[in-house]
Amino acid sequence: MVVLHYTEMKPVENALDKMCNPKAKVSAHYCITEGGEVIQLVPEEKRAWHAGVSYWRGHRDVNSASIGIELDHPGHAGGYREFADAQFEALVPLLNRMVKQHDIPRANVVGHSDVAPGRKIDPGELFPWDRLAEYGLCLPRPEKISPNDPFDNDASFYLALERFGYDITNGHDAVEAFQRRWRPENIDGEIDGEVRAILFQLLLDRDQGRTR
Ligand SMILES: [Zn+2]
């Protein structure tokens, strides 16, 4: 897996100091500055401490199964804003090389918020997942979704959400995390028709082998 984060700390030197301080107990394999500089902090084959308590597709120890990339950014706490173009342009070749080298499925390139619903919201709704999907480096948002409600009730929706990968221990948090990634225009934690239809299409595409 690859987990994308923001540092929520400016300037970037402070974030790097923290990630290099053993007492802080946080680290990541890479940090990409807003200017587009890629700084490796931990070798890819080593475990870094970036995901914390987390879950994705049955795995509870995401740190042992993932590469963590921190994006230098002020975060929601520091004035949430668009991600820098130079940073995105540096991320693309890094991610491209890594998914090929480690054979990482697109469905396993995720945000911290996807693996820690209710606890983390980075990199957040302004991260350009759509642009990353154009490079084939993460799943795209489903283009056409069925207007019919594919699930009878909330229980069947949650089962499907867990099957897609999310920890559904807290249903509201799980729905918010799903929305942040797949329908960032409206993040309210409520299960509505559009959210149901998006999830159904994502599962359908994956199970039919159109995405991986
Ligand atoms: Zn994070």
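Counting starts at 1 for both ligands and their atoms, in listed order. Computed over heavy atoms, backbone and side chain alike; hydrogens, waters and symmetry mates excluded.
For the Zn ion (ligand 1), the tally of protein N/O/S atoms lying closer than 2.8 Å stands at 3.
The distance from the CG atom of D114 to the CZ atom of F178 is 9.5 Å, given to the nearest 0.5 Å. Here the straight-line distance linking atom CD of Q179 with atom CG of D188 works out to 5.0 Å at 0.5 Å rounding.
Using cut-offs of 30° and 60° for the angle between ring planes, the F127 and F83 rings count as perpendicular.
Of the options H73, H76, K120, a side-chain hydrogen bond (donor to acceptor under 3.5 Å, both in side chains) to Y6 is made by H76 and by none of the others.
Cation-pi contact between R181 and W129: present, with separation from the ring centre below 6.0 Å and deviation from the ring axis of at most 45°.
F88 meets the ring-ring contact (aromatic ring centres under 6.0 Å, His included) test with no other residue; sequence neighbours excluded.
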